[in-house]
Amino acid sequence: MSATADPKAARDHARAQGGTRVEAMPTLPPVASDLPEGVAGDDLLWEETIAPGGYASRRIARGTRLRLIDKAGDACASLNIFNADMPTERLNVADTVKVQWNAYLDAGKLLLSDMGRVMMSLVEDDAGTHDTFCGVSNAASNLRKYGEGRNSGAYPNGRDRLILGAAKHGLTRRDVHPCVNLFKGTRIETDGTITPIVGPFAPGRAVLLRAEMDVVVVIANCPHVLDPREGWNSAPLRVTAWRGPIAAEQDPVRNATPEGQRAFLNTEDYYRR
């Protein structure tokens with residue numbers, strides 16, 4: 001007879017797992033040994049490692065810092081962002097590119113909403129390989145490439161993972177919108193073709209984002225849709241968030257461009273209401 005064949009045995013088996021730790025899970029309460037200088041442990045809000053093929057989502061407040069680390073050099077952080085109080089406002093990749101006159105994300109760039117407001121800023125970046133063009137894989141694309149693409153299968157896809165993360169906040173399939181991909185890049189050639197830049201890279205590359213609004217972030221960690229390798233390649237993605245101040249009036253990211261200044265003013269006007 002199985003150790004979990006009756007309710008009491010199942011309960012005892014479940015309780016025996018208490019204290020079990022695996023790499024890919026949230027740390028509760030959150031504890032991190034490598035917070036930046038000046039950040040107190042009490043400010044730590046979220047510490048989690050997202051497994052290859054996994055996802056995570058969280059509501060975070062304005063001013064929160066969100067650090068992503070590609071632990072083994074092969075993660076792809078596909079990111080959706082929603083206004084936490086009015087989720088019909090969400091990341092608009094087209095406006096993010098158009099307003100800033102630049103399709104290549106790096107430190108100092110802004111992630112803009114469809115209402116002209118700054119949702120998050122990219123404060124620090126030692127990766128330099130990000131993608132605003134391609135979106136994520138889906139069940140059909142994974143089926144064609146890997147022979148399997150279901151959420152419950154061996155090769156989960158990015159879109160379905162984003163749907164699962166959004167659902168935890170009352171959102172549906174229709175709310176999942178075009179994403180940015182962090183740590184996996186693309187380059188547009190002169191003839192218009194897209195060249196993927198997917199590594200693998202050196203482990204430990206990091207990106208630091210700052211929430212400029214109260215937002216819901218949804219992250220999927222699945223292979224880039226244009227990854228040319230035959231295998232389904234992914235790696236753990238570490239996520240850490242801590243409290244911080246909102247952007248100051250003299251903040252260099254805020255004042256880097258006239259377009260950015262306007263977007264910050266739009267955000268501040270929203271919070272004056």
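This one's a predicted model, so the numbers in the text were calculated from it and none came from an experiment.
- Heavy atoms only, all atoms of each residue included: Pro236 and Ala75 are closest at O-CB, 4.0 Å.
- Here the closest non-hydrogen pair linking Ser78 and Leu162 is O-CD2, 3.7 Å.
- Under a cut-off of 6.0 angstrom, the local environment of CD in Glu189 is crowded, with over 12 non-hydrogen atoms contributed by other residues, nucleotides or ligands.
- The cationic group of Arg272 does not satisfy the cation-pi geometry with Tyr270, failing either the under 6.0 Å distance to the six-membered ring centre or the 45° limit from the ring axis.
- If you look at His224 and Phe183, their ring centroids are not closer than 6.0 Å.
- A donor-acceptor pair is defined here as one N or O able to donate and one able to accept, closer than 3.5 Å; such a pair exists between the side chain of Asn221 and the backbone of Cys76.
- Counted by atom type alone, His130 and Asp125 present one or more donor-acceptor pairs between their side chains at under 3.5 Å.
- For the atom pair OG (Ser113) and CD (Glu89), the distance works out to 3.5 Å, reported to the nearest 0.5 Å.
- Ile197 and Ile188 fall into different hydrophobic clusters, defined by Ile, Leu, Val, Met, Phe, Trp and Tyr side-chain heavy atoms under 4.5 Å apart, directly or through other members.
- For the 3.5 Å distance criterion, the side chains of Asn157 and Asp160 qualify, holding a donor opposite an acceptor.
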* **Step-by-step side chain to side chain contact (heavy atoms under 4.5 Å, CB included) determination, Thr267 to Met213** => CA-CA 7 Å; Thr267 298; Met213 303 180 69; 3.8 Å; yes
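- Within the 4.5 Å cutoff, no side-chain heavy atoms of Trp46 are placed close to those of Arg67.
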* To do: Please assess Arg262 against Asp269 for the test salt bridge (charged side-chain N to carboxylate O under 4.0 Å, His left out), listing each intermediate value before the final yes or no.
  => CA-CA 10 Å; Arg262 177 65 184 183; Asp269 181 63; over 6 Å; no
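- Atom-to-atom distance recorded for Asn151:CG and Tyr155:OH is 15.5 Å, nearest 0.5 angstrom.
- Closest non-hydrogen pair, Pro178 versus Leu91, comes out as O-CD2, 4.3 Å.
- In the hydrophobic clustering of this structure, Leu105 does not group with Val123; members are Ile, Leu, Val, Met, Phe, Trp, Tyr whose side-chain heavy atoms approach within less than 4.5 Å, directly or through other members.
- Pairing each heavy atom of Thr132 with each of Ala103, the nearest pair is OG1-O, 2.8 Å.
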* Would you please test Leu68 and Leu182 for side chain to side chain contact (heavy atoms under 4.5 Å, CB included) and show each step? => CA-CA 9 Å; Leu68 308 176; Leu182 303 178; 3.6 Å; yes
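- Comment: Asp251 engages Arg210 in a salt bridge, judged by a side-chain N to carboxylate O separation of less than 4.0 angstrom.
- Taking CG from Leu112 and CD from Glu259, the interatomic distance works out to 10.0 Å, rounded to the nearest 0.5 Å.
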* Might you work through the side chain to side chain contact (heavy atoms under 4.5 Å, CB included) test for Met120 and Val217, ending with a clear yes or no? => CA-CA 10 Å; Met120 302 189 81; Val217 294; 3.7 Å; yes
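- Note: the hydrophobic cluster containing Leu79 also contains Val239 (ILVMFWY, side chain heavy atoms under 4.5 Å, direct or indirect links).
- Classification of Arg65 and Asp43 as a salt-bridged pair fails, no side-chain N sitting under 4.0 Å from a carboxylate O.
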* To do: Apply side chain to side chain contact (heavy atoms under 4.5 Å, CB included) to Leu110 and Leu122, showing your working.
  => CA-CA 6 Å; Leu110 312 176; Leu122 210 169; over 6 Å; no
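- Between Tyr55 and Val218 there is no side-chain heavy-atom pair separated by less than 4.5 Å.
- With no hydrogens or angles considered, a side-chain donor-acceptor pair links Asp131 and Asn181 at under 3.5 Å.
- Closest approach of Gly158 to Ser137, counting heavy atoms only: N-OG, 2.9 Å.
- In this structure, CD1 on Ile81 lies 10.5 Å from CD on Glu212, to the nearest 0.5 angstrom.
- Follow the hydrophobic side-chain contacts under 4.5 Å out from Met119 and you reach Ile60 in the same cluster.
- Connection of Phe264 to Val99 is established within a shared hydrophobic cluster, with ILVMFWY side chains joined at heavy-atom distances below 4.5 Å, either directly or through further cluster members.
- Using a 4.5 Å cut-off on side-chain heavy atoms (C-beta onward), Val180 and Thr96 make no contact.
- The pair Arg62-Asp214 does not meet the salt-bridge criterion, since no charged nitrogen lies less than 4.0 angstrom from a carboxylate oxygen.
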* To do: Would you check, one step at a time, whether the test salt bridge (charged side-chain N to carboxylate O under 4.0 Å, His left out) holds for Arg117 with Asp95?
  => CA-CA 10 Å; Arg117 295 190 270 259; Asp95 284 357; over 6 Å; no
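- With Gln250 contributing its side chain and Pro252 its backbone, the two residues share no donor-acceptor pair below 3.5 Å.
- Checking side-chain atoms of Asn233 against main-chain N and O of Gly231 turns up a donor-acceptor pair under 3.5 Å.
- With a 4.5 Å cut-off on side-chain heavy atoms, Phe82 and Val215 do not count as touching.
- Between Trp232 and Tyr146, the angle of the ring planes goes over 60°, which puts this pair in the perpendicular group of the 30/60° scheme.
- One N or O on the side chain of Asn266 and one on the backbone of Gly116 form a donor-acceptor pair closer than 3.5 Å.
- Expressed to the nearest 0.5 Å, how far NZ of Lys184 lies from OG of Ser234 amounts to 7.5 Å.
- Note that the NZ atom of Lys109 and the OH atom of Tyr104 stand 12.0 Å from one another [nearest 0.5 Å].
- Here the closest non-hydrogen pair linking Thr186 and Cys134 is CG2-SG, 3.8 Å.
- Leu237 places none of its side-chain heavy atoms less than 4.5 Å from the side chain of Lys71.
- A salt bridge links Arg238 with Asp34; the closest basic N to acidic carboxylate O contact falls under 4.0 Å.
- A salt bridge does not link Arg254 with Glu249: none of the charged nitrogens is closer than 4.0 Å to a carboxylate oxygen.
- Side-chain N/O atoms of Gln261 and Asn255 include a donor and acceptor closer than 3.5 Å.
- When side chains are defined from C-beta on, Asp175 does not count as touching Pro87, because their heavy atoms never get closer than 4.5 Å.
- In this structure, the side chains of Thr240 and Leu35 come closer than 4.5 Å at one or more pairs of heavy atoms.
- Taking 4.5 Å as the limit, every side-chain heavy atom of Asn80 sits out of range of all side-chain heavy atoms of Arg90.
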